[in-house]
Amino acid sequence: MAQQQFFDQVEAYLDGELDAEARTRFEAALQQDSELAAEVALAEDTRRLLVFATQQEYKEKLRAIDADMEAKTTPVVRPLWQRSWAQAAAAAVLLLIISSVLLFRGGPSSQALAQDSFTPYMDMISYKGSPAIDEDSLLLQAMYAYNTQDYKTALQGFEQILQTNPTQVSARFYQAQSYLALNQPLPALAVLQKLPQDGPLAEATQWYMALAYLMQDDQANAKQLFAEMAQDPNHGFQLKAEALLEKMK
Amino acid sequence: MQKGIYTAVKRTDTDLIESIQRGGQACDQAMAYLYRTYVDRIVQFVLSHQGSAEEAKDVFQDAIISLLTGIREGKFAGQSSLYTYLYAISKNLWYKRFNRSVRADAYRNSLEEGVEDGPDLYLVADDQQHQIHQLLGHLKDKCREVLLLWAQKYAMKEIAEQLGYRNEQVVRNKKNLCLKELKAQVKQHPEVRSLIREMVS
């Protein structure tokens with residue numbers, strides 16, 4: 001059998017699609033031909049890469065399921081004007097009582113602290129902040145929307161970019177910023193967790209992750225991250241983290 | 001993600017295992033069912049062992065992925081119920097993560113002992129994930145989509161329907177071409193090959 005035929009059978013061999021006779025011949029060739037063995041090893045490594053990528057896909061799907069569950073269990077509060085007058089009065093009294101208690105106890109809520117501390121990260125991509133002339137520059141267009149605080153449009157742009165290039169770190173980082181600006185910490189956190197732990201955006205990523213936790217009232221995780229930043233004298237957000245930890249006491 | 005995957009109808013372990021082995025959308029639905037049905041119990045376990053709800057969910061997601069691998073590789077053969085198996089993997093994963101955290105020293109003695117071993121799992125650093133995703137990033141969108149669906153054991157017909165290809169043969173040809181392209185990329189990056197071999201058996 002011609003040598004090239006064995007090379008052509010590599011994928012079928014790994015898929016278990018060769019009949020017994022063909023498999024025996026292939027394995028005999030594999031024993032004697034180091035190039036064929038190298039080709040099989042390459043094919044196996046490629047499949048391993050896909051298995052790993054698949055596991056990441058499954059992780060994304062499970063996160064989406066979780067986000068869907070979270071969205072469906074979040075209670076919807078109707079505006080006051082939609083309720084009856086009696087209900088509205090009762091709600092107002094309750095609000096007064098709660099406000100008095102909070103005032104007495106002192107201290108802002110986690111969400112209020114997070115909102116006060118959040119500032120969308122400055123645009124490091126487009127220097128003029130104007131629409132891109134080149135229509136292919138989706139990133140510049142998305143950043144323009146971001147700079148004009150049209151975060152919903154920005155999100156659409158980042159999503160489009162990430163569909164074609166899921167490794168685009170800048171798009172992912174500013175996607176997270178847009179979610180936070182829209183007060184959506186859960187998807188922001190999911191995005192921030194995908195960003196590299198090193199590189200120029202690492203410290204900012206850590207800061208915004210802590211804010212996202214705080215927005216969700218997850219004080220434990222927020223404090224842990226703020227504490228790490230506050231203890232690092234070289235951290236770009238050290239002072240901010242220290243100040244926020246002080247307010248959280 | 002397809003809407004309406006979750007159903008309140010109880011599914012048997014046999015049915016779920018068959019769906020996972022079949023792959024594709026059947027596997028996605030089985031995975032969704034397992035997650036929605038059992039996540040609260042795992043959250044309760046992790047919360048009662050110094051963890052947070054977010055950590056619990058992350059652990060359980062990894063446990064489900066481990067289960068999928070275990071079923072496909074024959075490591076899980078119905079020796080226990082799916083829930084028992086998932087619970088054991090989740091506990092083991094949480095124990096490993098907890099030991100890596102600063103809280104471990106104060107809490108080590110009180111953690112449950114005798115957890116079952118699940119399939120080998122690993123936490124992959126983000127920079128390593130980044131390296132691997134870079135390789136996939138070299139592929140054109142359609143190639144990436146086809147290969148990932150194929151790797152998740154979607155049938156050629158399912159892939160054709162999902163991605164708008166004319167028929168199964170077109171998908172098969174596309175898959176073969178794309179696999180060849182990905183192999184060329186992998187060949188040029190021996191450092192990723194050794195990384196992948198450590199991570200995936």
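Reminder, nothing fancy here: chain letters follow the sequence lines and each chain counts from 1.
Interface residue B:E54: only side-chain heavy atoms are found under 4.5 Å from chain A. Interface remark: A:R47 contributes side-chain atoms only to the contact with chain B (heavy atom separation under 4.5 Å). Using a 4.5 Å cut-off between heavy atoms, B:K57 touches chain A through its side chain atoms alone. Neither the backbone nor the side chain of A:E60 comes within contact range of chain B; no heavy atoms are under 4.5 Å apart. For chain B, no part of A:A220 is nearby; none of its heavy atoms comes within less than 4.5 Å. Using a 4.5 Å cut-off between heavy atoms, A:E39 contacts chain B through its side chain alone, with no backbone atom that close. Residue contact with chain A, scored on non-hydrogen atoms closer than 4.5 Å, involves the side chain of B:L136 exclusively. Interface remark: B:L149 contributes no atoms to any contact with chain A (heavy atom separation under 4.5 Å).
Per-residue heavy-atom pair counts under 4.5 Å with chain A were compared for B:V186, B:L147, B:N176, B:V39, and the maximum is reached by B:V186. For the options B:V192, B:D141, B:L135, heavy-atom pairs under 4.5 Å to chain A are most numerous at B:D141. Counting heavy-atom pairs under 4.5 Å between each of A:N165, A:D66, A:V51 and chain B puts A:D66 at the top.
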Original post:
Could you go step by step and tell me if B:Y38 and B:F60 meet the ring pair (Phe, Tyr, Trp, His ring centres under 6.0 Å) rule?
Top reply: CA-CA 9 Å; B:Y38 298 125; B:F60 191 48; 7.2 Å; no
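The closest side-chain heavy-atom distance from A:L214 to A:M248 is below 4.5 Å.
Each of A:Y179, A:Y146, A:F158 was checked for a ring pair (Phe, Tyr, Trp, His ring centres under 6.0 Å) with A:Y151, and the lone residue meeting it is A:Y146.
Closest non-hydrogen pair, A:I161 versus A:A142, comes out as CD1-CB, 4.4 Å.
Relative orientation of the A:Y121 and A:Y174 rings is tilted, given thresholds of 30° and 60° on the angle between their planes. Using cut-offs of 30° and 60° on the angle between ring planes, the pair A:W207 and A:F237 is parallel.
Under the disulfide (SG to SG under 2.5 Å) criterion, the residue pairs touching residues 149-195 of chain B are B:C143-B:C178, with sequence neighbours excluded.
Ion pairing between a basic and an acidic side chain is recognised when a charged N comes within 4.0 Å of a carboxylate O; B:K140 and B:E145 show no such pairing.
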